[in-house]
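Presented below is the structure to which this report refers.
For reference, positions follow the sequence shown, starting with 1.
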Amino acid sequence: MYTLTQLEELEKFYKTQLLKDTVPFWFPKSFDHEDGGFLLMRDQDGSLIDDDKAVWIQGRATWLLATLYNTVEPKQEWLDGAKLGYDFIQKHCFDTDGQMFFHVTKNGEAIRKRRYYFSETFAVIAFAAYAKASGSQEAAEQARAIFGKCIQYASGEIKLAPKFTDTRPSKGIGTPMIMINTAQQLRDTIGDPRCDEAISTWIKEIETNFVKHDLKVVMEQVSPKGEIIDHIDGRTLNPGHAIEGAWFILHEAQYRNNDPKLIELGCQMLDYMWERGWDKEFGGILYFRDLYNKPVQEYWQDMKFWWPQNETIIATLLAYLLTGNEKYADMHQKIHHYGYEKFHDQKHGEWFGYLHRDGSIAQTAKGNLFKGPFHLPRQEWYCWTILKNFLKDKNES
């Protein structure tokens with residue numbers, strides 16, 4: 001159980017970590033004033049290890065800076081930084097077919113496209129947040145247009161090059177999950193009339209096809225009809241991914257006047273995947289598990305990556321604030337303590353990205369093609385925000 005004093009201390013902690021530790025690790029030194037965008041592939045001490053740019057991380061960093069400008073303080077440095085990201089993405093990160101690249105050089109020459117559209121989803125939230133910060137109508141129109149294209153990708157109206165044959169068709173939770181949050185961010189910044197109905201559709205998709213109450217699990221992938229695919233890939237669970245989806249649904253519950261059905265669904269997803277993912281011996285959320293506790297194929301299956309811890313910190317805190325259930329306070333205390341004890345670099349700031357199962361550091365990089373200024377600062381910003389709002393309501397009541 002958290003007392004109001006403890007919640008006030010947590011609020012101050014997340015605010016301080018975000019503004020005094022995490023954000024200063026990245027900015028302003030990552031601004032690329034020569035070619036635009038951000039130089040985010042950095043080692044423990046912040047030194048550059050590569051000057052290539054991951055497009056989705058460029059979008060995430062743009063979203064973060066614009067969000068800080070919109071919600072924390074209208075600092076010119078943050079707005080100028082968001083413009084660096086927006087301009088770079090707009091100029092260099094779209095192919096001639098309209099699809100976005102995944103990996104480009106420092107000056108924006110294309111290296112790789114991937115067969116999914118997550119670069120696009122992060123462009124949506126980046127452009128929308130930047131549009132709100134800058135007042136740019138062009139950015140707002142682009143955000144809504146890209147969102148419309150993402151809806152077409154998600155529905156299958158626009159086909160992307162397949163990664164697999166049709167021998168064993170499947171679908172993943174990543175599509176409805178990331179689209180929920182994309183729509184939420186678009187709605188919260190510049191608005192779009194498609195968002196509410198689309199979010200309801202994607203939540204129903206998760207509830208109907210991926211949440212298996214009989215097995216107390218949230219599947220990472222299923223057959224097109226929502227059936228278990230009893231092969232190694234089909235059985236592989238990603239607890240952090242499912243828990244991230246859980247808090248997106250809890251956020252939607254809060255937006256919809258604390259909708260009890262959505263609170264129940266989000267909490268069930270969190271409960272199921274905490275039980276599957278929490279490492280009872282060493283602490284922390286494990287990366288992959290098998291549905292039937294059989295061996296997992298990926299060799300990093302028992303490592304601790306940074307982002308599942310961030311998503312679980314959010315989910316457990318939000319579940320506690322929405323329900324008052326003490327078990328979520330206990331879960332939050334455990335994952336918060338683990339994350340900041342094991343991952344946080346007290347010397348240089350920010351978090352390490354990759355730990356072995358026992359909590360020892362696997363490698364020191366804090367930025368690469370997959371890690372950058374997003375999951376950790378989003379967690380600290382979001383937890384600070386929901387605590388601030390919760391405490392404000394308490395003081396006014």
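In this structure, L291 and K212 have side chains that are not in contact, with every pair of non-hydrogen atoms separated by 4.5 Å or more. Using a 4.5 Å heavy-atom cutoff, the side chains of C93 and Q58 are not in contact. Residues F13 and Y340 meet the side-chain proximity criterion, which asks for heavy atoms closer than 4.5 Å. Side-chain atoms of Q268 and V211, non-hydrogen and from C-beta on, never get closer than 4.5 Å to each other.
In this structure, W56 has its ring center at least 6.0 angstrom away from the ring center of Y117. If you look at W78 and Y69, their ring centroids are not closer than 6.0 Å. Here Y14 and H336 bring their ring centres to under 6.0 angstrom of each other.
Residue I199 comes nearest to Q184 through the heavy atom pair CD1-CG, 3.7 Å, listed as atom of the first residue, atom of the second, then distance. Here the closest heavy-atom approach between residue T323 and residue C267 is recorded as CG2-SG, 3.9 Å.
Note on E205 versus K171: salt bridge recorded, some NZ/NE/NH1/NH2 to OD/OE distance being below 4.0 Å. Under 4.0 Å is where a charged nitrogen must lie from a carboxylate oxygen, and between R112 and D52 no such pair does. The existence of a salt bridge linking E8 and K394 is excluded, since no basic side-chain nitrogen approaches an acidic carboxylate oxygen closer than 4.0 Å. Electrostatic pairing of E157 and K149 does not count as a salt bridge here, judged by no charged N lying under 4.0 Å from a carboxylate O. With salt bridges taken as basic N to acidic carboxylate O contacts below 4.0 Å, none links K261 and E207. Electrostatic pairing of D345 and K366 counts as a salt bridge here, judged by a charged N lying under 4.0 Å from a carboxylate O. Salt bridge R289/E220: absent, no basic N to carboxylate O contact under 4.0 Å.
One N or O on the side chain of Q99 and one on the backbone of R114 form a donor-acceptor pair closer than 3.5 Å. Side-chain N or O atoms of D43 include none that pairs as donor or acceptor with a backbone N or O of D45 at under 3.5 Å. Judged by distance alone, with hydrogens and angles left aside, the side-chain atoms of K75 form no donor-acceptor pair with the main-chain N or O of L68 at under 3.5 Å. Side-chain atoms of R168 never come within 3.5 Å of backbone atoms of S223 as a donor-acceptor pair (strictly under, hydrogens ignored). In this structure, N70 contributes its side chain and A129 its backbone to a donor-acceptor pair below 3.5 Å.
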inquiry  = Applying salt bridge (charged side-chain N to carboxylate O under 4.0 Å, His left out) to D87 and K91, what does each step give before you reach the verdict?
reply    = CA-CA 6 Å; D87 287 345; K91 185 176 181 181; over 6 Å; no

request  = Would you check, one step at a time, whether the test side chain to side chain contact (heavy atoms under 4.5 Å, CB included) holds for R144 with F127?
outcome  = CA-CA 9 Å; R144 295 189 182 104; F127 286 17; over 6 Å; no

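Using cut-offs of 30° and 60° for the angle between ring planes, the W247 and Y382 rings count as tilted.
Annotation: cation-pi pair K29/F25 present, NZ/CZ under 6.0 Å from the ring centroid and within 45° of its normal.
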